[in-house]
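Notes follow once the structure below has been shown.
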Amino acid sequence: MPEGHVIHRLAAELGAAFAGRPVRVSSPQGRFAAAAAGLDGAKLTAAEAYGKHLFIEFDARVIHLHLGLIGKLRWVAPGPVLNPATLRLLISDGRQVVELRGPQTCELITVAERDAVVAGLGPDPLRADADPQLAWQRVHRSSRPIAALLMDQRIAAGVGNIYRCEVLFRAGVHPELPGTELTEGTWALLWRDLVELMPLGVRDGRIDTVREAESPERTGRPPRVDRHGGEVYVYRRAGDDCLVCGRGISVRQLSGRSLYWCENCQPPR
DNA sequence: GCGTGATGTTGAA
DNA sequence: TCAACCTCACGCC
């Protein structure tokens, strides 16, 4: 259940473990078996993330992964395969083993097809080549709420529900403010916050957004770490007290996803 | 044990 | 706007 930071972290781990070396590739479940057999023993040349998409490259052949909501790519101990019925992909050099279950996408594509996927994505705050102006061009022309725009991968790649809720809170922006009413300065603030926060997510493997001033160490309150592993202001804290103003955190469904915000710290307009 | 929701996206209505 | 998809951990008996 990953946002972009998880995918970038996985890409770095895969590269460190396997890049430049031959690997065993298999698909115990069978759904990727033919492609896996063709790659088995090939040299893994690179692993790269763009937004929530992960590309594992074997020279001109590319495994395109997207974990979706429930997919998992994780390192496991070498040894007998557990639950092969759901094991879509297994990559190993004998010492290090990574397994993929429940992905939304696991396909073998060409470099040109990889480039086409990337071309459909907006700038990724985790990539040095990202141009926030491209995102702003799309944001300020849209009447959709900023909370929806932040989740749109054609606008900003890699941002998910936690980061969108948290950066809106940290900027004091009401989630339903239309893109057309956002100032360029506010967009720059949101973007800079993503650029600041997401690398920390890659580094730590969890999303922490609470500033020093509201940290448990400073305030003496007990830490409240979400199941995803991080300390946050609003995400999945509906009904709890706002860490800044003390009022209850609100939640509602917005385009099928739970949106969390503080009505007091993020007033309309 | 069972039901549900979850850091996501797609495609149909 | 809604259902479908893929898996699994958690809460509640």
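The nucleotide whose nearest atom lies closest to any side-chain atom of Val6(A) is, among dT9(B), dC8(C), dT7(B), dT7(B). Between dA9(C), dA6(B), dT9(B), one nucleotide has an atom nearer to the side chain of Arg74(A) than all others, and that is dA9(C). For Met151(A), taking side-chain heavy atoms from C-beta onward, the closest of the listed nucleotides dG8(B), dA6(B), dC8(C) is dG8(B). Here the nucleotide nearest the side chain of Ile70(A), chosen from dT9(B), dC6(C), dC8(C), is dC6(C).
Contact between the side-chain N/O atoms of Thr86(A) and the OP1/OP2 oxygens of dC8(C) is found at a separation under 4.0 Å. Contact annotation: Tyr235(A) side-chain N/O to dT7(B) OP1/OP2 distance is under 4.0 Å. The shortest distance between the side-chain N/O atoms of His66(A) and the OP1/OP2 oxygens of dG8(B) is not below 4.0 Å. Phosphate proximity of dT10(B) to Gln104(A): absent, as no side-chain N or O sits under 4.0 Å from OP1 or OP2. For dG8(B), the OP1/OP2 oxygens have a side-chain nitrogen or oxygen of Arg257(A) closer than 4.0 Å.
Contact annotation for Arg31(A): backbone-only contact, meaning every heavy-atom pair under 4.0 Å involves sugar-phosphate atoms and none involves a base.
The separation of dC6(C) from dG1(B), taken at their C1' atoms, amounts to 23 Å, rounded to a whole angstrom. Rounded to whole Å, the separation between the P atoms of dC8(C) and dT10(B) comes to 23 Å.
Spacing between atom CG of Leu89(A) and atom P of dT7(C) amounts to 13 Å, rounded to whole angstrom units. Rounding to whole angstrom units, CZ of residue Arg88(A) and P of dC6(C) are separated by 8 Å. Atom pair Leu254(A):CG and dT1(C):P shows a separation of 9 Å (rounding to whole Å applied). One atom, NZ of Lys72(A), and another, P of dC5(C), lie 19 Å apart when rounded to the nearest Å. Between Asp124(A) atom CG and dT7(B) atom P there is a gap of 19 Å when expressed in whole angstrom units. With rounding to whole Å, Lys52(A) atom NZ is found 9 Å from dT9(B) atom C1'. If you take CG of Asp226(A) and C1' of dC10(C), they are 12 Å apart, rounded to a whole angstrom. Spacing between atom CG of Leu82(A) and atom P of dC8(C) amounts to 11 Å, rounded to whole angstrom units.
Side-chain contact, Ser258(A) with Gln253(A): a donor N or O sits under 3.5 Å from an acceptor N or O.
Within 6.0 Å of CZ on Arg154(A) lie no more than 12 heavy atoms contributed by other residues, nucleotides or ligands. Annotation for Arg24(A): atom CZ does not count as buried by contact number, only 12 or fewer foreign heavy atoms lying within 6.0 Å.
Residue Cys262(A) comes nearest to Cys245(A) through the heavy atom pair SG-SG, 3.6 Å, listed as atom of the first residue, atom of the second, then distance.
Hydrophobic clustering of Ile, Leu, Val, Met, Phe, Trp and Tyr side chains at less than 4.5 Å, counting indirect connections, keeps Leu73(A) apart from Val202(A).
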